[in-house]
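Notes for the one structure printed next.
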Amino acid sequence: MEWQKYAVTAGVSMGVVGYLMSGILYFTSGIVVPFGVVPLMWAIWMAGVWGVVQVARMRSLWVLASGPAAVLLWYVIVSLGGWLFGWTA
């Protein structure tokens with residue numbers, strides 16, 4: 001059916017946009033984490049971009065989970081860093 005193709009395309013597009021929007025957290029992390037950790041967080045996010053592109057090319061709706069997963073990973077990294085190493089803003 002034609003509408004299913006458009007629904008999958010819309011879902012995949014929303015997943016990619018959601019992941020890209022999570023990049024705001026990673027690129028502004030220098031406010032919260034030490035400067036030496038920021039490039040590592042950028043590398044993690046960029047590896048995620050590669051993964052999102054691979055999943056999006058398969059047209060899998062699993063890409064919808066990429067944005068919330070990226071935000072959750074950022075939260076875990078920042079929270080653990082604050083708890084273990086005393087990172088503060």
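Along the sequence shown, the residues carry numbers beginning at 1. The basis for the numbers below is simple: all heavy atoms, side chains too, and nothing from hydrogens, waters or symmetry mates.
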task = Tell me, please, which residues at least two apart from Leu20 pass side chain to side chain contact (heavy atoms under 4.5 Å, CB included).
result = Val16, Trp45
remark   = Minimal heavy-atom distance between Val12 and Ser60, with the atoms involved, is CG2-O, 3.8 Å
remark   = For Ser29 and Trp74, the nearest pair of non-hydrogen atoms, with its separation, is OG-NE1, 2.8 Å
inquiry  = Would you say that Met14 contacts Val63 through its side chain, given a criterion of any heavy-atom pair below 4.5 Å between the two side chains?
reply    = no
Nearest heavy atoms of Trp87 and Val32, plus distance in Å = CB-O, 3.7 Å
inquiry  = Test of understanding: clusters of I, L, V, M, F, W, Y form through side-chain heavy atoms closer than 4.5 Å, transitively. Do Met41 and Ile24 belong to the same one?
reply    = no
ask   = Going hydrophobic residue to hydrophobic residue with side-chain gaps under 4.5 angstrom, can you get from Val17 over to Val49?
value = no
ask   = Any link between Trp83 and Leu72 through a network of hydrophobic side chains (Ile, Leu, Val, Met, Phe, Trp, Tyr) touching at under 4.5 Å?
value = yes
query = If two hydrophobic side chains count as joined below 4.5 Å and joins carry through other members, does Val78 share a cluster with Met21?
reply = no
Straight-line distance of Thr88 OG1 to Ile31 CD1, nearest 0.5 Å = 12.5 Å
ask   = Quick one: does Ile77's side chain get under 4.5 Å of Ile44's, heavy atoms only?
value = yes
Any side-chain heavy-atom pair of Tyr26 and Leu73 under 4.5 Å = yes
Nearest heavy atoms of Gly48 and Tyr19, plus distance in Å = CA-OH, 3.1 Å
request  = Apply side chain to side chain contact (heavy atoms under 4.5 Å, CB included) to Pro68 and list each qualifying residue two or more places apart in sequence or on a separate chain.
outcome  = none
query = Could you give the distance from CG (Leu80) to OH (Tyr75), rounded to the nearest 0.5 Å?
reply = 10.0 Å
key: ILVMFWY network linking Val37 to Val76, side-chain heavy atoms under 4.5 angstrom   = yes
key: Non-hydrogen atoms of Lys5 and Arg59 that approach each other most closely   = O-NH2, 3.5 Å
key: Euclidean distance, Ser22 OG relative to Phe27 CZ, rounded to 0.5 Å   = 9.5 Å
key: Atom of Ser66, atom of Val52 and distance for their closest heavy-atom approach   = CB-CG2, 3.6 Å
query = Considering residues at least two apart in sequence or located in another chain, which fulfil the ring pair (Phe, Tyr, Trp, His ring centres under 6.0 Å) criterion with Trp62?
reply = none
